[in-house]
Amino acid sequence: MSKLWGGRFQKSAEEWVDEFGASIHFDKELVFEDLKGSMAHVKMLGKQGILSEEEASQILGGLEALKEKASKGELTFSVAQEDIHLNLEKHLIDEIGPIGGKLHTGRSRNDQVATDMHLYLKEQVESIIGLIEQFQTALVEKAEQNVETLAPGYTHLQRAQPISFGHHLMAYFWMLQRDKERFQEGLKRIDVSPLGAGALAGTTFPIDRELSAELLGFSKVYANSMDAVSDRDFILEFLSSASILMMHMSRLAEEMILWSSQEFQFIEMDDAFSTGSSIMPQKKNPDMAELIRGKTGRVYGNLFSLLTVLKGLPLAYNKDMQEDKEGMFDTVHTLIGSLKIFTGMVQTMKVNEGRLEEAVHNDFSNATELADYLASKGIPFREAHEIVGKLVLHCIQHQCYLADLPLEKLKEASDCIEEDIYQVLSPYEAVKRRKSLGGTGFDQVQLQIETAKSLVK
Ligand code: ARG
């Protein structure tokens, strides 16, 4: 099949070479963005008198017909036409005749493809932001049901201090809030029109870039035509925000995998998000959480691959840049899938309060309470730490916990310990009394939840 750019060529490439150079296998995902971009471009050409009204409306009609076919899945694409832009242009010419060839006046595939990518990402990021909010809502709801559920808080994966389980869940809410803000911030740089930059240098036709930008819903136009066609920062920013979001999801996935193990039994994941084993009938595996943890790797990979593609490129467009798409599409699909799965997983997980409570009681995570108690009686904290450390050692040697020690024994360690110590050592009190701003005290957690609710629709 002849190429739309075949004029200066004396022979055509072999099919396998075309196959290697083509992007249609993946850039067909941009079909509606490409049609939208073309429609805005042709309206602008008509308005500026670069094409006659008649020509512009004929082309517009052709593009509408292609859109109709595309939504019915009736458009076929071929490697011989290389990419989505040339495939659609060929279809247009087939649809309305040679006049279709006027569409590309004052435009290049370089500004065209950049426009498509901006349109695509703008829409996808807006829906990703919505999905983050749904996930946040699921977390707030679960947290609110568990404000007073006691849980062991960890550092170094060793029990550290008792916390509210709701507080733990809310930590993820705030990570997601920052993720959402990063995507929102990135939208500013996605929301810019490269259309009209031409191949690299602008055009001699009296185009109106502001008009086409407005028709496409972009807030701004690129100020420099060379920057417009060679900038992929907006995709890099998206990939980097996506990587951080995946990292957050991966950490929660890891925790949920641990929590649902026989060893912890802190939560139970719903059957709908678990799978069985083909050999071991008793198994219930947290596959979805594991997959999200695993898919984090491919998103990081997509970021690194594009950073590397771009690092040595001279201005302006280079074909290397065709490699920007698959990683972007893959990241969009991975984020959308992971966010939806996670929302469902959190909504349906069962929190095993009994197990959590047990873990908090049979434990030394109230040791800090005792040290703080001594410090509040005027003993320097460093000394208090030493006293309690010795008591913990004594307990370990005698197989008991701090609250099991009789008052006489405690008084031997320090005579300022009184009967009220037993209340102080209770994990419930330990959590409740952590009233410092942003702490795990129940009132503080409730306060966080109220603030959080105002941040999601
Ligand atoms: N398929 C190309 C891409 O994705 C479109 C731009 C091609 N431009 C060019 N001058 N060959 O980057």
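The model shown is predicted, which means the values in this text are computed figures rather than measured ones.
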Please confirm whether the backbone N or O of Asn366 pairs with a side-chain atom of Glu369, one donor and one acceptor, at under 3.5 Å?
no

So the side-chain hydrogen bond (donor to acceptor under 3.5 Å, both in side chains) pairs with at least one residue in residues 182-200 (sequence neighbours excluded) are Lys122-Asp191, Asp179-Arg182, Glu185-Lys188, Glu185-Arg189, Arg189-Glu237, Asp191-Ser219

Which of Phe173, Trp174, Tyr172 passes side chain to side chain contact (heavy atoms under 4.5 Å, CB included) with Gln136? Answer is Phe173

For the pair Phe77 and His91, name the ring-plane relationship: parallel under 30°, tilted 30 to 60°, perpendicular over 60°.
perpendicular

Please report the closest heavy-atom contact between Glu133 and Leu455, naming both atoms and the distance.
OE2-O, 3.4 Å

Can you classify the ring geometry of Phe238 versus Phe183 as parallel (below 30°), tilted (30 to 60°) or perpendicular (above 60°)?
tilted

Test of understanding: with side chain to side chain donor-acceptor pair (under 3.5 Å), list the residues that count as partners of Glu123, not counting sequence neighbours.
none

Contacts of Tyr300 that satisfy side chain to side chain contact (heavy atoms under 4.5 Å, CB included) - sequence neighbours left out:
Ser243, Met247, Thr296

Not counting sequence neighbours, which residues clear side chain to side chain donor-acceptor pair (under 3.5 Å) with Ser338? List them please.
none

Within a 6.0 Å radius of atom NZ on Lys69, are there more than 12 heavy atoms belonging to other residues, nucleotides or ligands?
no

Are there over 12 heavy-atom neighbours, none belonging to Arg159, within less than 6.0 Å of that residue's CZ?
yes

Across all chains, not counting sequence neighbours, the side chain to side chain donor-acceptor pair (under 3.5 Å) partners of Lys43 are none

Is any side-chain N of the basic residue among Lys325 and Glu29 closer than 4.0 Å to the acidic one's carboxylate O?
no

Does Gln446 have any side chain to side chain contact (heavy atoms under 4.5 Å, CB included) partners at least two apart in sequence or in another chain, and if so, which?
Glu144, Val147, Ile449, Glu450

Look only at the side chain of Thr115 and the backbone of Asp111, and say whether a donor-acceptor pair between them is shorter than 3.5 Å.
yes

For residues Trp5 and His104, establish whether the separation of their ring centroids is below 6.0 Å.
no

Would a line drawn from the ring center of Phe273 to the ring center of Phe342 be shorter than 6.0 Å?
no

